[in-house]
There are 2 protein chains.
Amino acid sequence: MFHKTGGMRRVAESTVRRLSLYLRLLEEFEEKGIDTVSSGALASLGGTTSAQVRKDLSFFGSFGKRGLGYPVPELASRIREILGLNRRYRVALIGAGKIGSALVQYRGFRARGFDIVSIFDVDPTKVGHRWNGLTVLDAAELETELARQPVDMAVLVTPAEAAQGVADRLTKLGVKAILNFAPVQLAVAEDVVVKTVNLALELETLSYALANR
Amino acid sequence: MFHKTGGMRRVAESTVRRLSLYLRLLEEFEEKGIDTVSSGALASLGGTTSAQVRKDLSFFGSFGKRGLGYPVPELASRIREILGLNRRYRVALIGAGKIGSALVQYRGFRARGFDIVSIFDVDPTKVGHRWNGLTVLDAAELETELARQPVDMAVLVTPAEAAQGVADRLTKLGVKAILNFAPVQLAVAEDVVVKTVNLALELETLSYALANR
DNA sequence: GTTTGTGAAACGATTCACAGCT
DNA sequence: AGCTGTGAATCGTTTCACAAAC
């Protein structure tokens with residue numbers, strides 16, 4: 001038995017994503033004062049199967065009571081710990097365009113522990129403006145500012161052409177996690193984790209589905 | 001051989017997503033006037049392997065010349081066809097909040113053939129305002145407006161609590177594809193395709209990665 | 001000589017099914 | 001009696017490896 005302590009074997013990304021989903025459901029149960037939940041209940045709300053829920057959780061330990069289910073607050077707390085959510089993260093936003101501006105204001109990030117602490121852009125008409133209590137800085141100041149105020153993650157919202165260059169500078173500055181909205185595949189050292197979200201691509205999976213039926 | 005015509009077997013979502021990625025790369029090659037590309041070249045730029053590229057394409061036909069590679073414009077055109085991108089799509093946006101406002105202005109959608117043609121919100125302070133040439137309509141008018149001006153897809157950017165109700169109304173109106181930004185798992189009839197994008201969840205996969213190394 | 005197209009092998013994730021607790 | 005935890009079976013995806021085409 002090697003749960004958490006000891007050499008954690010690689011857990012599938014799909015498992016991690018479902019964990020995150022279960023957490024949201026557990027927090028709803030918590031608010032309603034429900035204190036026990038079965039894998040079946042979690043599954044039907046989360047759009048999976050009870051076996052999947054149990055298997056997902058079993059990678060990290062055994063949290064349930066047979067015949068009963070899972071204790072809501074304990075399980076929620078344990079998932080927060082697994083996902084690294086029992087702390088806050090300092091996040092830099094690079095690119096003060098349309099999507100960037102939405103993300104700074106997006107409450108979902110802060111609610112989940114992600115604080116945008118600095119904003120950068122190359123556009124001189126944007127630099128100096130206050131956004132949600134933060135001054136947009138010149139992208140040229142990336143190095144000096146992140147030296148002064150290091151961050152845990154960066155959200156990249158630059159045009160495609162600029163993204164790789166910025167990613168290189170960020171990783172040189174020690175940033176180990178990047179959420180990338182630019183429609184390019186970033187090349188980074190293997191100790192850096194990148195998640196790319198491509199909005200147009202999501203619509204394309206829908207058009208594929210519509211076209212192929 | 002049953003490529004495209006004939007009973008197309010189920011193609012994995014991961015394959016469709018990569019196709020979309022290859023298309024973007026092919027379009028870059030097209031602009032540069034490069035007219036032949038190998039699976040290896042596509043693979044290294046797309047972050048996969050050449051075998052993966054060939055397998056992905058082989059689901060839909062054989063487009064390459066052995067010893068040579070793939071003809072760029074033909075392959076691009078064929079992928080557009082597969083993804084259903086040789087037409088434009090009419091899209092309704094429901095929710096004129098922070099993210100909604102970014103999406104209306106986002107050029108990536110229009111560039112890819114997705115036209116936002118109507119915007120709805122329940123907030124009376126938003127209704128009536130012009131946004132990027134469109135008037136924000138009261139969500140109560142969803143039925144009358146979509147009867148007048150039907151859409152192919154909807155982008156849902158409502159709070160979590162409202163999302164399922166709106167999804168029900170949309171599907172009743174015949175909408176068969178929904179891009180959902182609300183952090184809930186939507187339940188829909190099985191002829192409706194839903195893609196959920198959960199921004200906070202993406203950051204959580206990053207915090208998981210940071211916490212587990 | 002190079003690169004495709006594709007069966008076969010390897011790998012990985014999900015589902016099954018049931019023993020073991022409560 | 002009910003629900004978890006988990007090996008074993010199944011299913012799906014990726015990688016290998018090579019014959020066929022240019």
Side-chain angles (χ1 to χ4, degrees), chain A residues 1-4 8-22 25-26 29 34-72 74-76 78-79 82 185 205 208, chain B residues 1-4 8-22 25-26 29 34-72 74-76 78-79 82 185 205 208:
Chain A
M1 198 163 273
F2 42 6
H3 294 135
K4 184 66 188 183
M8 175 96 43
R9 72 267 72 115
R10 176 131 183 56
V11 171
E13 158 135 1
S14 50
T15 295
V16 176
R17 298 179 74 87
R18 281 191 300 266
L19 244 35
S20 181
L21 213 114
Y22 304 153
L25 296 172
L26 287 166
F29 283 123
I34 296 163
D35 50 36
T36 297
V37 73
S38 70
S39 57
L42 237 26
S44 68
L45 287 160
T48 10
T49 65
S50 62
Q52 182 75 82
V53 172
R54 295 198 301 276
K55 189 60 109 190
D56 287 340
L57 297 175
S58 78
F59 285 117
F60 301 94
S62 58
F63 312 117
K65 285 222 189 328
R66 295 173 194 226
L68 249 176
Y70 298 89
V72 171
E74 284 88 334
L75 183 56
R78 193 66 185 79
I79 295 181
I82 291 164
Q185 189 69 25
T205 68
Y208 171 80
Chain B
M1 198 166 273
F2 44 3
H3 295 134
K4 182 67 190 182
M8 175 96 42
R9 71 270 71 116
R10 174 131 182 57
V11 170
E13 157 137 358
S14 51
T15 295
V16 176
R17 298 180 75 87
R18 281 190 300 264
L19 243 37
S20 179
L21 213 115
Y22 304 153
L25 296 172
L26 288 165
F29 284 123
I34 295 161
D35 50 36
T36 296
V37 73
S38 70
S39 57
L42 238 27
S44 69
L45 286 159
T48 7
T49 66
S50 62
Q52 182 76 81
V53 172
R54 295 198 301 277
K55 189 59 115 192
D56 286 341
L57 296 175
S58 78
F59 285 117
F60 300 95
S62 59
F63 313 116
K65 286 221 187 331
R66 296 174 191 226
L68 250 176
Y70 299 88
V72 170
E74 285 86 334
L75 183 56
R78 193 66 184 79
I79 294 180
I82 292 164
Q185 190 68 25
T205 68
Y208 171 81

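Lettering follows sequence order; numbering is per chain, from 1.
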*Asks:* Taking the axis from the first five pairs and the axis from the last five, what angle separates them in the helix from C:dG1-D:dC22 to C:dT22-D:dA1, rounded to 10 degrees?
*Replies:* 10°
*Asks:* Go through the structure and list residues passing side chain to side chain donor-acceptor pair (under 3.5 Å) with A:Y22, not counting sequence neighbours.
*Replies:* A:D56
*Asks:* Residues in side-chain contact (heavy atoms from CB on, under 4.5 Å) with B:S44, at least two apart?
*Replies:*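 Expected list: none.
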*Asks:* Whole Å only: how far is the CZ atom of A:R78 from the P atom of D:dT4?
*Replies:* 18 Å
*Asks:* With rounding to the nearest 0.5 Å, note down the distance linking OG1 in B:T15 to CZ in B:F60.
*Replies:*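 That separation rounds to 7.0 Å.
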*Asks:* With rounding to the nearest 0.5 Å, note down the distance linking CG in A:L45 to CD in B:Q185.
*Replies:* 10.0 Å
*Asks:* Could you list the residues that satisfy side-chain contact (heavy atoms from CB on, under 4.5 Å) with A:L75, not counting sequence neighbours?
*Replies:*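 By the side-chain contact (heavy atoms from CB on, under 4.5 Å) rule, A:L75 matches A:L26, A:L42, A:L57, A:F63, A:Y70, A:I79.
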*Asks:* How many Å lie between CG on A:L19 and P on C:dT14, as a whole number?
*Replies:*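 It works out to 12 Å between those atoms.
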*Asks:* Base, sugar-phosphate alone, or nothing: which one does B:S50 contact when heavy atoms must sit under 4.0 Å apart?
*Replies:*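 No contact at all - B:S50 keeps every heavy atom at 4.0 Å or more from the nucleic acid.
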*Asks:* Within the structure, does a side-chain N or O atom of A:S62 lie under 4.0 Å from either OP1 or OP2 of D:dT4?
*Replies:*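 It does not, given that no N or O in the side chain of A:S62 lies less than 4.0 Å from OP1 or OP2 of D:dT4.
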*Asks:* Could you list the residues that satisfy salt bridge (Lys or Arg N to Asp or Glu O under 4.0 Å) with B:R66, not counting sequence neighbours?
*Replies:* none
*Asks:* Could you list the residues that satisfy salt bridge (Lys or Arg N to Asp or Glu O under 4.0 Å) with A:E74, not counting sequence neighbours?
*Replies:*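 Residues passing salt bridge (Lys or Arg N to Asp or Glu O under 4.0 Å) with A:E74: none at all.
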*Asks:* Using atom CZ of A:F63 as one end and atom P of C:dT22 as the other, report the distance to the nearest whole Å.
*Replies:* 16 Å
*Asks:* Is the shortest side-chain N/O distance from B:Y70 to OP1 or OP2 of C:dG5 below 4.0 Å?
*Replies:*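 Result: yes.
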*Asks:* What does the B/S/- profile of nucleotides 13-22 of chain D look like, 5' to 3', with a 4.0 Å heavy-atom cutoff to protein?
*Replies:* SSB-B-BBBB
*Asks:* Restricting to side chain to side chain donor-acceptor pair (under 3.5 Å), what partner residues turn up for A:S50, sequence neighbours left out?
*Replies:* A:R54
